[in-house]
Engineer: 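Before I ask anything, here is the structure I am working with.
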Amino acid sequence: MLRSLYSFIRYFLFWLLFFAITRATFEIYFNKKLHGATFGDIAKTYFYGLRLDLSATAYIAIVPLLVFIINWFNKGNHVKSIWLKVHTWFCLVVISFIAIVDIGIFTEWGTKVNFRVFDTLYNSPAESMSSTASSPIALNLTIGALLVLTGIVLSNFIIDYSFKKPVETKTARILFSIGLVLVNFLILRGSLYKAPVDQSAAYFSDNQILDISAENTEWNLANDVFENLRHPYNPYLFLPQTEAKKIVDETFAVKKDTTLHLLTTDKPNIVIIQLESFTADVIQSLGGEKGDAPNFEKFIKNGVLFNNIYSAGDRTDKGIIAILSGFPSQAIRSIIMDTVKQEKLPSLLTEFKDNGYTTSYFYGGTSEYMNFDNYMDDHKTDHIFDKKNIPKNEIGSTWGAHDNILFAKHIDYLDKEPKPFFSLIQTLSNHEPFVLPVKSHFKGNDLPNMFRSTTWFTDSCLNAYFEEAKKHSWYKNTLFILVADHGHRLPKKTSAAYDPAKYHIPLLFFGDAIKPEYRGMQVNKLGNQTDIAATILAQLNMPQQKFKWSKNLLNPYTGEFAFFDWDNGFGFMLPGQAISYDGTGKRTIYTRNKNAGKALTDKTLLHGKAFMQEIFTEYLAD
């Protein structure tokens, strides 16, 4: 019996050691992000991560434990070692694969690998692979192979694959088996209390990279998959419902429903150009780098720039809903993927269609990606133009046709389109893996310069598009709205999910439909992508009430605030303060202005909690 118990302990020790190795791999890979952390801080990631490592090990141990118990009560030979080897090696391969995927996802998104990664991979495999193509695949695969090899070698030294049957009486074997199952269950649960262990058990620091390092990647992924597949519930219940609703309602309340009218007409053509990954870091006028998007600076001088705008989230599926439906991101969920829910949202497409506009959606990629096509169909889009409408010889990347091709097709279409029209163009050239149909403008194959080159290319395509559009009669009566779908970690490597700088994006109104006296104006009001809907509708004297999460940026009486979120965390911004809150660790992890005063900081956090709670409550509503 003691021999069997000893074998059980050795099995646990092996997996605890292997999880420590995968954690060390993560920390070595991202050692620059750990700059400033002491040896003691890093040591704590192993101490605080132990409960989740133990829980994950207990899950792995379920299969061999049950197999051994069944065999202990069977007559015949001992359990053959090959069964335990197959199970162990299979788990090693899976965990090593998850570890290298986690490295790629954290590089791109600043978060741990989660359900959304594999859900997107399943539904859109080609696009998902393209999204990670900028990661060093050869290096990551090498790391994965070394992890598997290391695990196999260590397992042969540590694990007792012979695992003999207990020779005691049947009663003793029953009691011993029950004891092992109970011990494994308690370790799996991680707690003797009513609530089992959760991710927050690994959180100990105000430095998020340390908390993320302490997390057990596989445990977190399994938990996230479970949470996404179970019956939906609101994990963001911070306040009494009436209080949360009151805070949100008061934040959007205005003393006077008015607006500054920028346009020469009440019924212009509207073209929204949704720019892939056009972070504020590439726009000089927004504090970004000089020369990445030189034509955009020219557009700014002849348009109206909203210079304090933040995206709803960090992915296109979040951005397109924020722009067209004025609905914020839901953190761990994506409403566009749920047809029943997204079809109930208001949409600019529907509003303009109902007011006599023809509507269209142009994308050089596959419109089925992330359920975009269903959203367009459900919201009265007259014409969907995507990769299927483009000759194969004009498809220049794994995503689809480059922006120069898409813009040329759009010009041709608008010439034949009945007026007035409302159209959304979704660009793609500035997306991983950052390949171009022309010579790169910036030298070097490093990711920041590749990103700068694709940005520069899209910027040049925009300029060519406008120069051509000016030759057509519909141009003088058209308002163009240029806005990013989300920010990006490149070119400045702003990758932390909680950093507001990652969500800072350009929003520009442009075109001859703008009165000359307003061209070159900059609007400093703090706002969101979600505010586009109310702002446009107010310009056209159309009702805005359906878009309850959208405020008119040109109404001097609307409040200044911005909200963004990422997987299980959110940020809220008020003039003078910005905070970010981690939903897993249940604490504030970023405060922009340390000298803002407790009252303003507490108010900012309270508003963020109310917004997150109410957004998810509305998402769950039938």
Engineer: Any idea how Tyr619 and Phe616 line up, ring-wise: parallel (<30°), tilted (30 to 60°), or perpendicular (>60°)?
Structural biologist: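 Ring orientation of Tyr619 relative to Phe616: tilted.
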Engineer: Taking atom NZ of Lys546 as the centre, report whether more than 12 heavy atoms of other residues, nucleotides or ligands fall under 6.0 Å from it.
Structural biologist: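 Result for NZ/Lys546: open.
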Engineer: Ignoring hydrogens and geometry, is there a side-chain-to-backbone donor-acceptor pair from Thr107 to Ile103 under 3.5 Å?
Structural biologist: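 Looks like yes, one N/O pair under 3.5 Å.
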Engineer: I'd like to know if the side chain of Asp102 and the backbone of Val113 have a donor-acceptor N/O pair within less than 3.5 Å.
Structural biologist: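 A pair under 3.5 Å: yes.
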Engineer: With rounding to the nearest 0.5 angstrom, report the CZ to OG distance, Phe422 to Ser360.
Structural biologist: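 These two atoms lie 9.0 Å from each other.
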Engineer: Are side-chain N/O atoms of Tyr236 and Glu614 paired as donor and acceptor at under 3.5 Å?
Structural biologist: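 Result is no, nothing qualifies.
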Engineer: Under the side-chain contact (heavy atoms from CB on, under 4.5 Å) test against Asn220, which residue among Leu52, Ile212, Val225 passes?
Structural biologist: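 Checked Leu52, Ile212, Val225 against Asn220; only one passes side-chain contact (heavy atoms from CB on, under 4.5 Å): Leu52.
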Engineer: Under 30°, 30 to 60°, or over 60°: which ring-plane class applies to Phe30 and Phe106, parallel, tilted or perpendicular?
Structural biologist: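 The arrangement is perpendicular - the two ring planes meet at more than 60°.
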Engineer: Determine whether Trp549 and Ile615 make a side-chain contact, defined as any pair of heavy atoms from C-beta on separated by less than 4.5 Å.
Structural biologist: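 Yes, their side chains come closer than 4.5 Å.
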Engineer: Does the side chain of Thr339 come under 3.5 Å of the side chain of Asn371 through a donor N or O and an acceptor N or O?
Structural biologist: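 Short answer, yes.
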Engineer: Which residues pass the side-chain hydrogen bond (donor to acceptor under 3.5 Å, both in side chains) test with Asp53, not counting sequence neighbours?
Structural biologist: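 With sequence neighbours excluded, Asp53 shows a side-chain hydrogen bond (donor to acceptor under 3.5 Å, both in side chains) to Arg23, Asn216, given in chain and number order.
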Engineer: Given side chains that start at C-beta, do those of Ile247 and Lys609 come closer than 4.5 Å, heavy atoms only?
Structural biologist: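 The answer is no; the side chains never approach within 4.5 Å.
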Engineer: Does a donor on one side chain sit under 3.5 Å from an acceptor on the other, for Glu27 and Tyr46?
Structural biologist: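 Their side chains do contain a donor-acceptor pair, which is all the 3.5 Å distance test asks for.
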Engineer: So, Asn524 and Asn307: side-chain donor and acceptor under 3.5 Å apart, yes or no?
Structural biologist: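 There is such a pair (donor and acceptor under 3.5 Å, judged by atom type) between the side chains of Asn524 and Asn307.
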Engineer: Is any side-chain heavy atom of Tyr357 closer than 4.5 Å to a side-chain heavy atom of Ser423?
Structural biologist: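 No - every pair of side-chain heavy atoms lies 4.5 Å or more apart.
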Engineer: Any donor and acceptor pair, going by atom type alone, linking the side chain of Asp224 with main-chain N or O of Phe115 inside 3.5 Å?
Structural biologist: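 Yes.
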Engineer: Working to the nearest 0.5 angstrom, can you tell me the gap between Ser213 OG and Ile42 CD1?
Structural biologist: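 The distance works out to 8.0 Å.
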Engineer: Taking everything shown except Lys492 itself, do over 12 heavy atoms lie less than 6.0 Å from its NZ?
Structural biologist: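 Yes, enclosed.
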Engineer: Taking C-beta and beyond as the side chain, do Tyr375 and Asp317 meet within less than 4.5 Å on heavy atoms?
Structural biologist: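 The answer is no; the side chains never approach within 4.5 Å.
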Engineer: Evaluate the criterion side-chain contact (heavy atoms from CB on, under 4.5 Å) for residue pair Leu526 and Met573; output intermediate values, then yes/no.
Structural biologist: CA-CA 8 Å; Leu526 178 61; Met573 307 176 71; 3.9 Å; yes
Engineer: Report the C-alpha distance between His488 and Phe451 in whole Å, list the side-chain angles of each, state the deciding distance to 0.1 Å, and finish with yes or no for ring pair (Phe, Tyr, Trp, His ring centres under 6.0 Å).
Structural biologist: CA-CA 10 Å; His488 203 277; Phe451 180 82; 4.8 Å; yes
Engineer: Determine the minimum heavy-atom distance between Thr427 and Tyr363, stating which atoms define it.
Structural biologist: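 For Thr427 versus Tyr363, the nearest heavy atoms are O-CE1, 4.4 Å.
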Engineer: Under the 3.5 angstrom rule, does the side chain of Ser96 hit a backbone N or O of Val93 as a donor-acceptor pair?
Structural biologist: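 Not at all, since once roles are kept as given, no pair shorter than 3.5 Å links the two residues.
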Engineer: Are side-chain heavy atoms of Phe327 and Thr530 found at a separation under 4.5 Å?
Structural biologist: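 Sidechains of Thr530 and Phe327: no contact.
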Engineer: Could you tell me whether the side chain of Gln342 and the main chain of Val340 form a donor-acceptor pair under 3.5 Å?
Structural biologist: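 Pair absent, no side-chain N/O of Gln342 close to backbone of Val340.
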Engineer: Mark yes when over 12 heavy atoms from residues, nucleotides or ligands other than Glu343 sit less than 6.0 Å from its CD; otherwise mark no.
Structural biologist: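 Count over threshold, so yes.
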Engineer: So, applying side-chain contact (heavy atoms from CB on, under 4.5 Å) with Leu424, which one of Ile320, Thr359, Thr381 is it?
Structural biologist: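 Among the candidates, only Ile320 passes.
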Engineer: Is it the case that Lys318 places NZ or CZ above or below the six-membered ring of Phe564, under 6.0 angstrom from the centre and within 45 degrees of the axis?
Structural biologist: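 No; the conditions do not both hold, so Lys318 does not lie above the ring face of Phe564.
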Engineer: Is there a donor in the side chain of Ser277 and an acceptor in the side chain of Asn430, or the other way round, less than 3.5 Å apart?
Structural biologist: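 Note: Ser277 and Asn430 side chains miss the donor-acceptor criterion.
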Engineer: Taking Tyr503 for the side chain and Tyr498 for the main chain, is one N or O donor matched with an acceptor at less than 3.5 Å?
Structural biologist: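 It does not hold such a pair.
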Engineer: Can you check whether Asp257 reaches Gln544 side chain to side chain, under 4.5 Å on heavy atoms?
Structural biologist: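 They are in contact (side-chain heavy atoms under 4.5 Å apart), so the answer is yes.
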Engineer: What distance do Ile187 atom CD1 and Arg51 atom CZ have between them, rounded to the nearest 0.5 Å?
Structural biologist: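 Answer for the CD1-CZ pair, Ile187 versus Arg51, is 12.5 Å.
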Engineer: Go through the steps for Gln529 and Ser311 under the test side chain to side chain donor-acceptor pair (under 3.5 Å), then give the verdict.
Structural biologist: CA-CA 5 Å; Gln529 277 176 323; Ser311 63; 4.9 Å; no
Engineer: Between Phe238 and Tyr581, is the gap from one ring center to the other below 6.0 Å?
Structural biologist: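 Yes, the ring of Phe238 comes within the 6.0 Å limit of the ring of Tyr581, centre to centre.
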Engineer: Can you see which heavy atom on Thr259 is nearest to which on Ala538, and at what distance?
Structural biologist: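 Scanning both residues completely, I find the closest heavy atoms to be CG2-O, 4.0 Å.
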Engineer: Say whether, by atom type as modelled, one donor and one acceptor occur between the side chain of Ser205 and the main chain of Asn207 under 3.5 angstrom.
Structural biologist: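 Here the side-chain-to-backbone pair exists.
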Engineer: Verify side-chain contact (heavy atoms from CB on, under 4.5 Å) between Asn114 and Glu227, making sure each step is shown before the conclusion.
Structural biologist: CA-CA 11 Å; Asn114 52 37; Glu227 291 294 327; over 6 Å; no
Engineer: Quick one: pull up CZ in Arg315 and CG in Asp485 and give me the separation to the nearest 0.5 Å.
Structural biologist: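 That separation rounds to 9.0 Å.
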Engineer: Going from CG on Leu537 to CG on Leu348, what distance comes out if it is rounded to the nearest 0.5 angstrom?
Structural biologist: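 Separation between the atoms: 5.5 Å.
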Engineer: If I compare all heavy atoms of Ala534 with all of Ser550, which pair ends up nearest, and what's the gap?
Structural biologist: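 In terms of heavy atoms, the two residues are closest at N-OG, 2.9 Å.
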Engineer: Establish, yes or no, whether the cationic atom of Lys525 lies under 6.0 Å from the six-membered ring centre of Phe306 and within 45° of the ring axis.
Structural biologist: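 So Lys525 doesn't make the cation-pi contact.
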Engineer: Output yes when a side-chain donor or acceptor of Thr535 lies under 3.5 Å from a complementary backbone atom of Leu553, and no otherwise.
Structural biologist: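 The answer is yes, because a donor-acceptor pair under 3.5 Å joins these two groups.
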Engineer: Is there side-chain contact between Asp211 and Arg587, with heavy atoms separated by less than 4.5 Å?
Structural biologist: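 The answer is yes; the side chains approach within 4.5 Å.
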Engineer: Taking all atoms of both residues into account, what is the closest heavy-atom pair of Ile332 and Pro235, and its distance?
Structural biologist: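 Smallest heavy-atom distance, with atoms named: CD1-CG, 3.9 Å.
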Engineer: Examine Phe561 together with Phe252 and report whether their ring centres are nearer than 6.0 Å.
Structural biologist: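 Ring centroids of Phe561 and Phe252 are less than 6.0 Å from each other.
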Engineer: Does the Arg189 side chain pair with the main chain of Ser191, one donor and one acceptor, at a distance under 3.5 Å?
Structural biologist: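 Present.
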Engineer: At what distance, to the nearest 0.5 angstrom, does NZ of Lys502 lie from NZ of Lys493?
Structural biologist: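 One finds 14.5 Å between NZ of Lys502 and NZ of Lys493.
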Engineer: For atom NZ of Lys548, is the number of surrounding heavy atoms from other residues, nucleotides or ligands below 6.0 Å larger than 12?
Structural biologist: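 More than 12 within 6.0 Å, yes.
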Engineer: Does the Asn593 side chain pair with the main chain of Gly576, one donor and one acceptor, at a distance under 3.5 Å?
Structural biologist: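 Yes.
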Engineer: Using ring centroids (six-membered ring only for Trp), state whether Trp399 and Tyr369 fall under 6.0 Å.
Structural biologist: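 For Tyr369 and Trp399, the ring centres are under 6.0 Å apart.
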Engineer: Compute the centroid of each ring, for Phe611 and then for Phe572, and state whether the two points are separated by less than 6.0 Å.
Structural biologist: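 Ring-ring flag for Phe611/Phe572: true, centres closer than 6.0 Å.
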Engineer: Is the shortest side-chain heavy-atom distance between Gln613 and Leu237 below 4.5 Å?
Structural biologist: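 Contact flag for Gln613/Leu237 side chains = yes.
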Engineer: Run Lys380 and Phe352 through side-chain contact (heavy atoms from CB on, under 4.5 Å) and show every step you take.
Structural biologist: CA-CA 9 Å; Lys380 300 184 180 181; Phe352 280 100; over 6 Å; no
Engineer: Indicate the atoms forming the closest heavy-atom contact of Pro506 with Ala280, along with that distance.
Structural biologist: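 Here Pro506 and Ala280 meet closest at CD-N, 4.1 Å.
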Engineer: Please report the shortest heavy-atom distance between Asn223 and Gln199, naming the atom on each side.
Structural biologist: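 For Asn223 versus Gln199, the nearest heavy atoms are ND2-NE2, 3.0 Å.
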Engineer: Quiz question: by atom type and distance under 3.5 Å, do the side chains of Thr558 and Asn552 form a donor-acceptor pair?
Structural biologist: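 Their side chains do not contain a donor-acceptor pair, so the 3.5 Å distance test is not met.
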